[in-house]
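This chain uses plain numbering: 1 for the first residue, then up along the sequence. Just so we're clear, the structure is a prediction, and the values are computed from it rather than from any experiment.
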Amino acid sequence: MGVTSSSSNVVLGPHQALLKRFSGPTPVECHDPFWHELLSFSEPLPKLRPADVEEILHPTCGELVANNEKTWHFGTLLVHLVESLKNSPADIQELPVKAINTVYFTRVFIKYFTEHATGDQILRMIRDVSGAAQGESNVLKRTIQAIFECLTKSTPTAYTFLLHLEVLSLLTVMASTQLTSSAGTAGPGAHPFLAAMIKESSLAPVLVRTLLKHYINRQAPPPRMPVYVPLNDQPGVLTKVGNAAAAMFYLPFSLPYKLLAKPQPSAASPAPLADSSVLLLLVLVHHDPGTGQGTAPGGTASHADNPFRIALNTCVDKYYDEHPDDENSEDTSDTIFVPYADLFNTIGLCLVDDRSTLLLYSLIHGNQGFLEYVLVRTDLDTLLMPLLEMLYNAPSRTANQIYMLLIILLILSQDASFNANIHKLTLHTVPWYKERLLPKISLGSLLVVILIRTIKYNLSKLRDVYLHTNCLAALANMAPHVQNLNSYASQRLVSLFDMLARKYIKLSKRSQSSLQDAGGEGKGDSEGEDEEVTELNIYTDFLRIVLEIINAILTYALPRNPEVVYALLHRQELFAPFKEHPRFVELLENIQAVLDYFNSRMDQAGSSHAEGGEWSVERVLSVVTHNARAWRGENIKLFTELRFTYEEEAHPEEFFVPYVWSLVCAHSGIPWDPQAIALFAPMSGFDQAGQQQGEG
């Protein structure tokens, strides 16, 4: 547990004179002993409560902003940060307290600058010790290089673990100019630290590899690591920012769509280095450098100028390519080598977390090699079971995460081998499915059940059109490859048509009533009528997609799916009201041809059955199975196979940047100031509560 706020005063109190000199108007030479005294604290600063440290140092931060153009002390601080990092050997056998404190101390000031100044103002504060303008880029360049090298040139040990953790937090804070910007993209100069990171394109691949390595290894922190851990009943500003992100934004996006983030702030992480690494990776990968080059062919955004995204999208399997284990040999290559198997297993283990969900999306959408690796795995349940469990528990998941999971399934369902293989893998039990026992169900049947369950949940609770679209798109892609769909999944498929049909009939009656009322009055609510017509058209499309799904199963896989035929026979009256509908007539003719075929076979079997009597489920299924083998598809009209593909919008950063930063606010452990956040709007009454908590 961390120390109290009084301890913060004990550690920082003796430094008040030094802090006054640091922020004052009188310049201090770079090599003056003052700097060693300033950065030598009696305790590691990470032990202190972060909000207390910021409260004590904020007056100093404000004075430094006012006097920096006279002293250039901020640039000098960066010079000493670089020296501290370079003077901390990888094989050190003690805690590098001065380097840790220098990183932490610098982070507090940079965070203050990002919350109170523009990018251009921050850039003007960065000068070398002489104040020469030409030194500006060099100081920042050397700083970023030293930070990257600290992370990539050594493996964290029990002594350097905290230093690596603090460096990750420093980089995250440097990137937080995005959090204080009102949009996911911004003009030149808005993000000076991110721009400097982008310029180090030669170091980007090895940094991405290092962050992925930390994520995969999930290295536990050393015992008794001197870091502040809040009490569970004292959420503080972090929890409040996380909750503010819950009400942050609705975007009119199509795949992903209007998503409402509600990340739950995490307690002390068992793998803080891994969690900080994946957060930073997501920040870097989804950053748009804003070069104004527009979109790539096909309407997707161009990320050609983001070396971190390029590195993630082009990383290859370390073991498949038989790359040597010597990591130093990778440093000079633009292509990084990552053990796909370890990455796959770690994502499966951590998929319950929004960060891992977004990482998986980023990989399978952007990295064709990793996507192909996932598709050929024979243990797809490693990834799909936690994914399906989260969809099963949709009410307790974030809306963002639900959409990411559905988009992941949509991307996977675009591959025919995936759609075939999921039906070959049998699950002995599904312990988290509470409605009924599902013994020996195929992974494909379970996927159908969960997707339909998600549609029903959405219809009753969320009522989001685009969630329906995602679910139905994945089902449509899977339909031609369905094999041995079990009885429960088959019943759910037919009940899906029933549910949507009832919704359609209700909307149709309401629309007709509105038209009659409008005709009687001579004038109606045109806006309301338009909304009703739009909703009716949407459900017409949904019904047609479900009919096309059923048609695809009957056309391409009927002999392998007797349970689907049985479910259709059992509920065949559902289709009668739609036989004359112009959008459905051809599809229903196919379904009716199948029903007629099996009804006639049932009649023949009944008339020839010596004992007569009632038809049992087993007897009906036996007749269906026997005659399905003889099915030749007579009188079936072939339609173009319905296929859906996922494409990002032209400006995906408009969604992903706020989404990523909502996760950073919830999980980073950094006390972000809610009043400074412009990327999404805090909830009503949030600011005051946050201030009151910070004062407690």
Side-chain angles (χ1 to χ4, degrees), residues 413 415-424 426 442 444-445 447-448 472 475-498 543-610 615-644:
S413 72
D415 183 78
S417 64
F418 169 83
N419 294 327
N421 290 335
I422 56 176
H423 291 282
K424 298 175 183 177
T426 302
S442 71
S445 292
L447 180 50
V448 170
L472 292 173
L475 287 170
N477 287 344
M478 294 161 53
H481 311 278
V482 167
Q483 299 179 40
N484 300 313
L485 198 67
N486 83 338
S487 59
Y488 184 57
S490 301
Q491 294 164 18
R492 294 294 86 198
L493 180 59
V494 176
S495 71
L496 173 62
F497 177 84
D498 180 31
L543 273 176
R544 181 173 175 86
I545 293 174
V546 174
L547 289 174
E548 293 207 44
I549 291 169
I550 295 173
N551 257 274
I553 297 174
L554 299 180
T555 302
Y556 300 104
L558 186 150
R560 302 191 300 273
N561 292 283
E563 292 285 3
V564 175
V565 176
Y566 176 85
L568 291 172
L569 289 169
H570 184 63
R571 303 288 303 278
Q572 55 187 296
E573 75 283 354
L574 294 176
F575 304 101
F578 301 94
K579 285 184 178 180
E580 305 301 324
H581 195 292
R583 291 287 305 278
F584 308 147
V585 60
E586 290 182 321
L587 295 168
L588 285 172
E589 284 175 356
N590 276 359
I591 295 175
Q592 191 60 50
V594 172
L595 293 173
D596 291 344
Y597 173 85
F598 283 96
N599 280 327
S600 66
R601 298 310 185 271
M602 296 288 294
D603 292 340
Q604 293 174 11
S607 61
S608 62
H609 198 277
W615 286 86
S616 65
V617 173
E618 292 76 14
R619 183 182 171 191
V620 174
L621 195 56
S622 175
V623 173
V624 169
T625 303
H626 174 75
N627 287 280
R629 300 191 189 103
W631 169 258
R632 295 294 178 267
E634 295 90 346
N635 302 322
I636 289 291
K637 181 179 179 180
L638 293 177
F639 295 94
T640 302
E641 186 176 321
L642 192 63
R643 290 187 57 80
F644 292 88

Audit row: Asn551, Lys637, side chain to side chain contact (heavy atoms under 4.5 Å, CB included) steps and yes/no: CA-CA 10 Å; Asn551 257 274; Lys637 181 179 179 180; over 6 Å; no

Which atom names give the shortest non-hydrogen contact between [X] and [Y], and what distance separates them?
X: Asn477; Y: Ser413; result: ND2-OG, 3.1 Å
X: Arg619; Y: Ala605; result: NH2-O, 4.1 Å
X: Phe578; Y: Leu543; result: CE2-CD1, 4.1 Å
X: Pro480; Y: Ala557; result: O-CB, 4.1 Å
X: Asp415; Y: Phe418; result: OD2-N, 2.9 Å
X: Phe644; Y: Ala476; result: CE1-CB, 3.7 Å

Could you state the interatomic distance from [atom1] ([X]) to [atom2] ([Y]), rounded to the nearest 0.5 Å?
X: Leu485; Y: His423; atom1: CG; atom2: NE2; answer: 6.5 Å
X: His570; Y: Gln491; atom1: NE2; atom2: CD; answer: 7.5 Å
X: Leu588; Y: Arg544; atom1: CG; atom2: CZ; answer: 9.5 Å
X: Asn484; Y: Ser445; atom1: CG; atom2: OG; answer: 8.0 Å
X: Asn419; Y: Gln483; atom1: CG; atom2: CD; answer: 10.5 Å
X: Glu548; Y: Leu642; atom1: CD; atom2: CG; answer: 4.5 Å

Whether over 12 other heavy atoms sit under 6.0 Å from Glu573 CD: yes

Steps toward side chain to side chain donor-acceptor pair (under 3.5 Å) verdict (Asn590, Glu586): CA-CA 7 Å; Asn590 276 359; Glu586 290 182 321; over 6 Å; no

Taking the side chain as everything from C-beta on, heavy atoms only, tell me whether [X] gets closer than 4.5 Å to [Y].
X: Val565; Y: Thr625; value: no
X: Arg492; Y: Val448; value: no
X: Lys579; Y: Val585; value: no
X: Trp615; Y: Val623; value: yes
X: Ser442; Y: Ile422; value: no
X: Val482; Y: Arg560; value: no
X: Leu493; Y: Ile553; value: yes
X: Phe497; Y: Ile591; value: no

Expected output: side-chain Ser622 to main-chain Glu618 donor-acceptor under 3.5 Å: no

Backbone N/O of Glu589 and side chain of Gln592: donor-acceptor pair under 3.5 Å: no

Single hit among Thr555, Leu496, Leu568 for side chain to side chain contact (heavy atoms under 4.5 Å, CB included) with Ile550: Leu568

Criterion side chain to side chain contact (heavy atoms under 4.5 Å, CB included) against Val594, the qualifying member of Leu569, Asn599, Val564, Leu558: Leu558

Aromatic ring pairing Phe598/Trp631, orientation class (parallel under 30°, perpendicular over 60°, tilted between): parallel

Ring center gap for Phe584 and Phe575 short of 6.0 angstrom: no

